[in-house]
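Along the sequence shown, residues carry numbers from 1.
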Amino acid sequence: MGSAADRVKNPSRVSVWLDRRTPSRTRKADQPAGLDRDRITAASVRLLDADGLAKFSMRRLAADLDVTAMSLYWYVDTKDDLLELALDTVFGEIPAATEDLGWHDRLRELATNYRRMLVRHPWVSTLIGSFLNIGPHSMLFSYAVQDVIRATGLPLANRTGAMSAVFQFVYGFGTIEGHFVQRTVEADLSQDEYFRQVMGTIRADPEIKRAMEPSESLMEARGGNTVEEMRERDFVFALDLLIAGIEAMCDRASRTA
């Protein structure tokens with residue numbers, strides 16, 4: 001593996017997945033037994049879920065594993081390498097789309113499961129924009145997305161746009177949802193309790209209440225008795241809109257072919 005200094009000297013060294021060299025270091029006899037990169041990565045995911053990205057450090061990770069911080073550097077060179085490994089690991093939680101379904105349902109499956117992963121791991125959204133995401137699990141997800149978009153029949157030149165429309169929407173939706181859920185956990189409130197508290201505060205302020213009045217009718221019209229039900233309705237409808245858009249563009253392409 002290359003060191004952090006190597007990354008500065010060699011700009012192409014931007015991912016742990018691009019390093020094909022065999023590590024020169026070998027485990028010493030006094031290194032902790034049972035410690036390996038998979039175990040370290042799993043512990044990293046657990047800590048990131050519990051404490052968030054800002055509080056994550058090699059020192060905290062070492063304490064969780066009951067080893068010295070230096071022990072970790074026999075398996076990864078930098079914290080960034082470890083974050084990449086953790087990121088790819090959670091992409092492995094996204095199940096493959098059901099092969100015998102049509103592209104509409106396969107797309108819904110992939111989008112829904114991607115959203116769920118983002119909500120389970122709120123720290124992921126920041127890392128997705130920080131790394132290349134070329135680990136094995138990330139690439140399998142990418143191939144699955146490409147496969148289902150290929151099945152739509154869209155012209156080749158339009159497929160990346162369709163992927164962006166659907167999965168950047170899911171990224172944004174899942175990121176905001178994940179942050180909201182995390183905020184409620186930190187406040188030790190349910191999502192509905194937190195929502196009622198926020199809305200109560202807003203309605204108690206005359207100026208903010210007036211500014212929010214146009215939104216009140218929208219919120220009432222969308223239905224749902226809980227925050228999760230309201231959110232689910234919005235997600236399903238938005239995804240249906242995108243699928244309808246893909247169908248419309250396929251129809252346009254066939255008429256102009």
Side-chain angles (χ1 to χ4, degrees), residues 1-2 7 12-23 34-53 56 58 61 64-65 72 74-101 103 105-151 159-160 162-175 177-179 181-182 235 239:
M1 282 189 249
R7 295 188 184 208
S12 67
R13 174 64 172 92
V14 293
S15 171
V16 68
W17 304 108
L18 293 178
D19 196 333
R20 296 292 183 264
R21 291 177 294 168
T22 301
L35 190 65
D36 58 31
R37 201 156 79 164
D38 288 343
R39 183 183 168 201
I40 294 169
T41 302
S44 299
V45 171
R46 185 172 63 251
L47 277 183
L48 286 162
D49 287 344
D51 299 333
L53 187 59
F56 181 78
M58 300 296 271
L61 176 60
D64 182 78
L65 290 166
L72 302 177
W74 290 90
Y75 303 94
V76 292
D77 282 314
T78 68
K79 186 173 81 170
D80 277 358
D81 285 351
L82 192 49
L83 291 174
E84 274 196 275
L85 294 168
L87 175 61
D88 191 66
T89 293
V90 297
F91 264 94
E93 297 175 5
I94 303 174
T98 308
E99 292 184 4
D100 58 354
L101 294 177
W103 70 262
D105 291 329
R106 288 164 57 203
L107 185 58
R108 287 189 182 94
E109 272 194 5
L110 285 172
T112 298
N113 287 322
Y114 182 39
R115 169 195 169 196
R116 288 172 179 165
M117 186 273 284
L118 290 166
V119 175
R120 278 196 303 272
H121 309 291
W123 50 272
V124 163
S125 57
T126 299
L127 297 187
I128 287 174
S130 302
F131 297 116
L132 292 178
N133 307 335
I134 56 174
H137 294 116
S138 298
M139 293 303 294
L140 282 174
F141 177 69
S142 177
Y143 296 150
V145 170
Q146 292 176 48
D147 186 59
V148 73
I149 295 298
R150 186 184 305 114
R159 291 176 190 171
T160 55
M163 287 188 285
S164 295
V166 175
F167 288 94
Q168 288 188 29
F169 150 69
V170 178
Y171 170 84
F173 195 101
T175 295
E177 181 180 3
H179 289 174
V181 171
Q182 185 178 40
F235 180 81
L239 189 55

L35 and W74: side chain to side chain contact (heavy atoms under 4.5 Å, CB included), yes or no, with the steps?
CA-CA 10 Å; L35 190 65; W74 290 90; over 6 Å; no
With rounding to the nearest 0.5 angstrom, report the [atom1] to [atom2] distance, [X] to [Y].
X	Y	atom1	atom2	answer
L53	L47	CG	CG	12.0 Å
T98	R108	OG1	CZ	13.0 Å
L107	L101	CG	CG	11.5 Å
W123	D51	CH2	CG	12.5 Å
L82	K79	CG	NZ	9.5 Å
I149	F167	CD1	CZ	6.5 Å

The ring pair (Phe, Tyr, Trp, His ring centres under 6.0 Å) partners of W103 (sequence neighbours excluded) come to none
Shortest non-hydrogen contact between [X] and [Y], atoms and distance:
X	Y	answer
L87	F131	CD2-CD1, 4.3 Å
A97	L110	CB-CG, 4.0 Å
F56	S44	CZ-OG, 3.7 Å
L118	V170	CD1-O, 3.7 Å
R106	D147	NH2-OD2, 2.5 Å
N113	P95	ND2-CG, 3.4 Å

- Message: Restricting to salt bridge (charged side-chain N to carboxylate O under 4.0 Å, His left out), what partner residues turn up for R46, sequence neighbours left out?
- Response: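 So R46 forms a salt bridge (charged side-chain N to carboxylate O under 4.0 Å, His left out) with D64.
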- What residues, two or more places apart in sequence or in another chain, satisfy salt bridge (charged side-chain N to carboxylate O under 4.0 Å, His left out) together with E177?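 Residues passing salt bridge (charged side-chain N to carboxylate O under 4.0 Å, His left out) with E177: R115, R231.
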### Message
Evaluate L85 against I40 for side chain to side chain contact (heavy atoms under 4.5 Å, CB included), listing each step before the verdict.
### Response
CA-CA 10 Å; L85 294 168; I40 294 169; over 6 Å; no
side-chain contact (heavy atoms from CB on, under 4.5 Å) filter on Q146, not counting sequence neighbours, yields S142, Y143, R150, M163
State which residues pass side-chain contact (heavy atoms from CB on, under 4.5 Å) with H137; sequence neighbours excluded, sorted by chain then number.
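side-chain contact (heavy atoms from CB on, under 4.5 Å) check on H137 returns D88, F91.
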- Apply the test side chain to side chain contact (heavy atoms under 4.5 Å, CB included) to residues I94 and L140: give CA-CA distance (whole Å), side-chain angles for both, the deciding distance (0.1 Å), then the verdict. CA-CA 10 Å; I94 303 174; L140 282 174; over 6 Å; no
Quiz item: Below 6.0 angstrom between ring centroids: does that apply to Y114 and F173?
Solution: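 They do not qualify: ring centres at least 6.0 Å apart.
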Between [X] and [Y], is any pair of side-chain heavy atoms under 4.5 Å apart?
X	Y	answer
V45	H121	yes
V76	V16	no
L18	I134	yes
T112	F235	yes
S125	Y171	yes

### Message
Using modelled atom types and a 3.5 Å cut-off, is there a donor and acceptor pairing between side-chain atoms of N133 and backbone atoms of I128?
### Response
yes
Pair R39, L65 - check side chain to side chain contact (heavy atoms under 4.5 Å, CB included), show working.
CA-CA 9 Å; R39 183 183 168 201; L65 290 166; 3.8 Å; yes
Pairs in or reaching into residues 118-144: which pass salt bridge (Lys or Arg N to Asp or Glu O under 4.0 Å), with residues at least two apart or in two chains?
->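 Every salt bridge (Lys or Arg N to Asp or Glu O under 4.0 Å) pair that includes a residue of residues 118-144, provided the two are not neighbours, is E93-R120.
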